[in-house]
Amino acid sequence: MNTEPAPAEIGETPTSYDVSAVETKWLPVWEELDPFRADDASPKERKYALTMFPYPSGDLHMGHAEVFALHDVIARYWRFRGFEVLNPMGWDSFGLPAENAAIRNDEHPATYTYANIETQAASMKKYGLAFDWSRRLHTSDPEYYRWTQWLFLKFREQGLAYRKNSPVNWCPQDQTVLANEQVLADGTCERCGAEVTKRELTQWYFRTTAYAQELYACLDELQDTWIGKVVNAQRNWVGRSEGAHVRFRIEGREEPVTVYTTRPDTLYGATFMVVAADAPLAAELAELGGPERVEALSAYVEEIRKASDIDRLATDRTKTGIDLGVTATNPVSGEQVPVWAADYVLADYGTGAIMAVPAHDQRDLDFARKFDLPVRRVVDTGEPNPEETYEATTGNGTYVSSGPLDGLTDKTQGISTIIERLEADGTGEGTVNFRLRDWLLSRQRYWGAPIPIIHCPVDGEVPVPEDQLPVELPELRGADLKPKGTSPLGAATEWVEVACPTCGGPARRDSDTMDTFVDSSWYFLRFLSPHDHTQAFSSEQAAAWGPVDLYIGGDEHAVLHLLYARFFTKVLRDSGLLTWDEPFSAYLSQGKVINNGRKMSKSLGNGVDLGKQLDEFGVDAVRLTLVFASPPEDNIDWADMSPAGSLKFLQRAWRLSGDVASAPGVDVSTGERSLRSVIHRTVRDAEELVESHRFNVLIARTMELVNATRKAIDGVGTGGCGPEDPAVREAVETVAILLSMVTPYVAEEMWERLGHRPTVAHAAWPIVDPELLVEDSVTAVVQIQGKVKARLEVSPAITAADLESLALADDTVVAAIAGRPVRKVIVREPKLVNVVV
RNA sequence: GCCCCGGUAGUCCAACGGCAGAGACAAUGGUCUCAAACACCAUCCAGUGUGGGUUCGAAUCCCACCCGGGGUACCA
């Protein structure tokens with residue numbers, strides 16, 4: 001600690017406080033008083049404040065420090081404003097790092113996990129956060145994952161959890177499958193960075209697609225209370241599009257092939273059809289084409305399987321594909337078109353088959369060019385003809401060569417005309433399509449919640465009976481956990497081999513564990529009744545507390561965690577367990593803490609250690625710096641920040657508390673008006689600023705109040721009222737209360753020096769006196785042509801007419817008008833007059 | 001490519017369509033000191049990315065473009 005306490009000379013007021021002494025002094029007092037425990041029986045109006053619970057890897061870092069500091073402002077503020085606040089904390093404690101550490105150190109993952117949890121818990125306590133610690137939970141506790149498993153079984157009963165065989169993302173490094181959401185845009189694993197490959201495996205899925213429409217539609221309600229970019233990201237991820245299914249009859253095949261298109265109006269321009277090469281449909285059609293087509297297809301599929309996702313994802317890659325040797329019939333024109341298989345058509349989007357309209361889709365045009373297929377323009381947009389330029393046109397235009405559409409110029413009308421025709425003929429219909437896929441939840445790893453299913457050769461998939469939950473993890477450690485391509489649980493013979501609950505015969509447990517995102521999809525519900533051994537969560541408490549009033553977290557979870565939690569909420573609502581539609585009424589994401597323009601990382605060597613910052617400047621100064629730095633959602637570059645400056649300010653604020661010369665409880669209403677006016681304006685602004693999450697401005701306003709108070713104390717003779725004035729006490733108490741939301745230690749210390757008993761968290765929020773917000777006089781500006789020419793001191797109650805005549809009589813105004821005729825006068829009393837000449 | 005968000009003093013950031021500055025960092029000068037650090041006092045600093053438009057009046061609203069950040073990407 002570099003803040004030396006001032007030498008305590010007898011009779012002299014110290015000029016600074018000892019940061020570390022204050023921290024050790026108040027921490028036990030708060031533990032004792034426990035002011036933030038939420039009362040389920042409270043008659044008060046409730047608020048549920050939630051911040052994303054951490055994964056226990058090592059100690060807390062700067063990112064945690066920021067989000068917790070921001071979150072704490074809201075939680076403490078609501079409490080001050082008379083709400084009963086639920087503000088819980090726990091750990092998302094299943095996950096790979098613990099498992100990898102266990103392999104490295106030949107130990108059990110729980111050892112690493114729970115040691116880190118204790119480290120983080122101690123740091124959080126020292127960090128002075130307003131959590132209700134009685135509700136602490138860890139998702140890796142059997143008492144928690146028992147209910148994760150129970151929820152899985154409920155979902156399965158409703159057909160929302162199922163198993164299917166499908167090509168899945170496989171991370172060769174972590175030796176496990178990944179959800180689509182866990183594969184980055186460049187085709188690498190979001191966790192370890194390895195290049196993701198594909199494998200054909202039977203895996204468990206949650207049917208998120210069943211809720212695609214609602215997950216999309218409800219975003220409208222969240223538009224104003226969720227941070228915009230997250231709503232946007234969710235919208236993109238769910239990916240709703242409107243279009244049509246169109247059925248093409250295939251020569252020699254009974255079933256027609258259905259394609260999905262968003263441009264049915266270009267149907268007359270379809271010159272070939274393409275099916276996803278890796279879909280079963282392609283194989284079927286190849287058989288129609290003959291043995292050499294089958295062979296060609298399988299060679300082609302082999303080739304594309306070998307290509308990495310990175311290559312696949314390169315958009316400028318040349319198109320590849322093969323002719324399947326079959327023809328399809330265009331349902332409106334009767335035209336015969338060839339059918340191709342290619343990898344630019346995705347098996348799991350739409351129907352896995354498209355009608356190719358090269359003139360009006362660049363991908364199709366590239367393909368047509370490569371394989372010398374015909375291009376036919378059917379919309380004349382006025383741009384050069386794509387048949388010649390090889391630049392597809394996608395805009396509005398006049399339909400040509402399009403039968404009944406010819407001459408039409410409106411795309412919307414063109415689309416609806418074709419859809420009507422298709423529907424009348426029974427060859428297609430309008431439809432809505434989503435990009436969202438089902439959520440792959442199986443993981444071939446150990447440290448997660450086991451999937452509570454038993455596979456019996458006689459009875460098939462049998463759920464573990466509820467009274468046998470939880471299915472606890474067997475004790476495995478070290479080398480037992482090494483990735484081998486199958487789950488480590490599969491090798492735990494004694495654990496895997498069980499009697500079938502239905503027939504009693506030999507059977508095997510499902511040896512996969514659930515994606516840890518399952519654990520975090522419902523933790524906000526478990527906080528409502530964390531010690532209840534009879535149910536996952538209390539629906540009654542959920543109705544009373546929920547939904548979460550404000551959720552704060554990082555935007556790395558903008559699609560994953562938030563989407564999954566929303567999905568869980570909707571399923572549980574439809575199961576009758578919840579009454580609300582969305583889990584988080586408002587969502588705020590904090591920016592990252594970076595250093596010197598770069599993300600902090602070991603390889604760059606620019607990490608900032610939170611512990612060191614706390615040791616050097618103290619908890620309060622670090623919290624203040626993070627809150628003051630910028631609006632919450634902006635990144636903070638630590639290199640631009642000055643925790644030393646923050647500490648300087650806190651010392652100045654603290655010093656005020658030693659200068660107050662009136663007694664506690666003095667009648668502040670007799671205090672000096674101008675200072676009181678600043679106090680009450682500050683409080684009014686503070687309310688608005690906290691509610692609109694402009695915490696950085698809140699700090700600025702508090703600094704302003706500190707400055708004004710200092711002047712009032714010292715400035716006797718120059719307008720200051722001196723330390724005895726009751727307004728000074730009111731000001732300093734207000735500073736302590738405002739600061740307690742951000743810097744609880746120094747605020748508590750000030751509160752004590754002001755002669756109050758702890759804790760400042762119990763202080764009454766100042767009531768704003770509207771009388772004190774009225775100003776004695778205001779400065780009105782007079783503009784000529786919008787440029788300021790003069791200022792007038794006027795009464796705030798002045799009438800428009802009076803202000804106008806006052807302004808027009810002003811010498812500088814008269815001079816500025818210079819005799820020109822006044823054409824118009826705009827008056828916004830009492831602040832502004834604009835003269836137009 | 002498409003979709004979001006942003007661009008204001010050297011830096012971080014404020015500013016209901018109405019005086020561009022609330023607050024801070026840095027810098028400079030001073031007080032204090034044997035000297036320095038700390039502390040305190042004072043000073044300095046931009047016309048709001050560019051170009052149009054709307055308006056009596058634009059940092060703020062609209063359009064186009066440039067730059068930065070993020071999301072997404074053969075999604076038919």
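Here is how names work: the chains are called A, B, and so on, in the same order as the sequence lines, proteins then strands, and each is numbered from 1. Side chains are part of it too, since the values below use all heavy atoms of this structure and drop only hydrogens, waters and symmetry mates.
Using a 4.0 Å cut-off between a side-chain N of Lys or Arg and a carboxylate O of Asp or Glu, A:Arg247 and A:Glu429 qualify as a salt bridge. At a threshold of 4.0 Å, the pair A:Arg694-A:Asp685 does not count as salt-bridged, since none of the basic side-chain nitrogens sits closer than that to a carboxylate oxygen. A salt bridge links A:Lys229 to A:Asp555: one of the charged nitrogens lies within less than 4.0 Å of a carboxylate oxygen. Between A:Asp659 and A:Arg710 there is a salt bridge, with a side-chain nitrogen of the basic residue lying less than 4.0 Å from a carboxylate oxygen of the acidic one.
Side-chain proximity of A:Phe628 to the nucleotides B:C12, B:G23, B:A76 is greatest for B:G23. Across B:A73, B:A14, B:G23, the shortest atom-to-atom separation from the side chain of A:Glu704 is found for B:G23. Closest approach to the A:Ile354 side chain among B:G70, B:A76, B:A73 is made by B:A76 (side chain taken as heavy atoms from C-beta onward). Checking B:C40, B:A76, B:U11 against every side-chain atom of A:Leu346, the shortest atom distance belongs to B:A76. Distances from the side chain of A:Thr261 to the nucleotides B:C3, B:A24, B:A76 place B:A76 closest. Of the candidates B:C13, B:A15, B:C25, the closest approach to any side-chain atom of A:Lys648 belongs to B:C25. Closest to the side chain of A:Ala700, out of B:C13, B:G23, B:C4, is B:G23. Here the nucleotide nearest the side chain of A:Arg435, chosen from B:A24, B:A22, B:U72, is B:U72.
B:U33 and B:A26 have their P atoms separated by 24 Å, given to the nearest Å. Using C1' as the reference atom, B:C25 and B:C32 are 24 Å apart when rounded to the nearest Å. Rounded to a whole angstrom, the distance from the P atom of B:G69 to that of B:U31 is 47 Å. Between the C1' atoms of B:U54 and B:G17, the separation comes to 11 Å (whole Å).
Between the CG atom of A:Asp343 and the C1' atom of B:A76 there is a distance of 14 Å, given to the nearest Å. For A:Phe617 and B:C38, the CZ to C1' distance is 14 Å, given to the nearest whole Å. Between the NZ atom of A:Lys831 and the P atom of B:A20 there is a distance of 13 Å, rounded to whole Å. Going from atom CG of A:Asp685 over to atom P of B:A15 covers 11 Å, rounded to whole Å. Between A:Asp640 atom CG and B:G10 atom P the separation is 15 Å, expressed in whole Å.
Taking only distance into account, the side chain of A:Lys319 meets the base of B:C74 through a donor-acceptor pair shorter than 3.5 Å.
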Between the protein and nucleotides 51-57 of chain B, list every N/O to N/O distance that falls short of 3.5 Å.
{"residue": "B:C56", "atom": "O2'", "partner": "A:Asn834", "partner atom": "ND2", "Å": "3.4"}
{"residue": "B:C56", "atom": "O2", "partner": "A:Asn834", "partner atom": "ND2", "Å": "2.2"}

Distances under 3.5 Å between nitrogen or oxygen atoms of protein and nucleotides 60-69 of chain B:
none

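Proximity of A:Trp638 to A:Ile594: side-chain heavy atoms (C-beta onward) are nowhere separated by under 4.5 Å.
Ranked by how close their nearest RNA chain B nucleotide is to the 5' end, A:Ala629 and A:Ala353 are led by A:Ala629. Nearest-nucleotide positions on RNA chain B for A:Asn433 and A:Val788 put A:Val788 closer to the 5' end.
Distance check, rounded to the nearest 0.5 Å: CG of A:Leu346 to CG of A:Asp278 gives 8.5 Å.
Glycosidic torsion of B:G53 falls outside 90° of 0, placing the base in anti.
The shortest distance between the side-chain N/O atoms of A:Asn696 and the OP1/OP2 oxygens of B:A24 is not below 4.0 Å. Note on A:Tyr349: a side-chain N or O is less than 4.0 Å away from OP1 or OP2 of B:A76. Contact annotation: A:Ser241 side-chain N/O to B:A76 OP1/OP2 distance is under 4.0 Å. Between B:A39 and A:Arg655, no contact under 4.0 Å exists linking OP1 or OP2 to a side-chain N or O. A:Arg652 has a side-chain polar atom (N or O) that falls below the 4.0 Å cut-off from OP1 or OP2 of B:C40.
In this structure, B:G1 and B:U72 make a Watson-Crick or G-U wobble pair, each of the two defining distances being under 3.5 angstrom. When Watson-Crick and G-U wobble pairs are counted only if both distances are under 3.5 Å, B:U43 pairs with B:A27. Under the Watson-Crick or G-U wobble criterion, with both distances below 3.5 Å, B:A14 has no partner in any strand shown. Of all nucleotides present, none satisfies the Watson-Crick or G-U wobble test against B:A36 with each distance under 3.5 Å. Judged by Watson-Crick or G-U wobble contacts below 3.5 Å, the nucleotide B:U50 has B:A64 as its partner.
Ring geometry for A:His561 against A:His557 counts as perpendicular: the plane angle is over 60°, on a 0 to 90° scale with 30° as the lower cut. Note on ring orientation: taking the six-membered ring where Trp is involved, the planes of A:Tyr587 and A:Trp226 are tilted (angle from 30° to 60°).
Backbone-only contact: A:Asn707 has heavy atoms under 4.0 Å from sugar-phosphate atoms and none from a base.
Looking at residues two or more places apart in sequence or on another chain, you find no side chain to side chain donor-acceptor pair (under 3.5 Å) involving A:Asn834.
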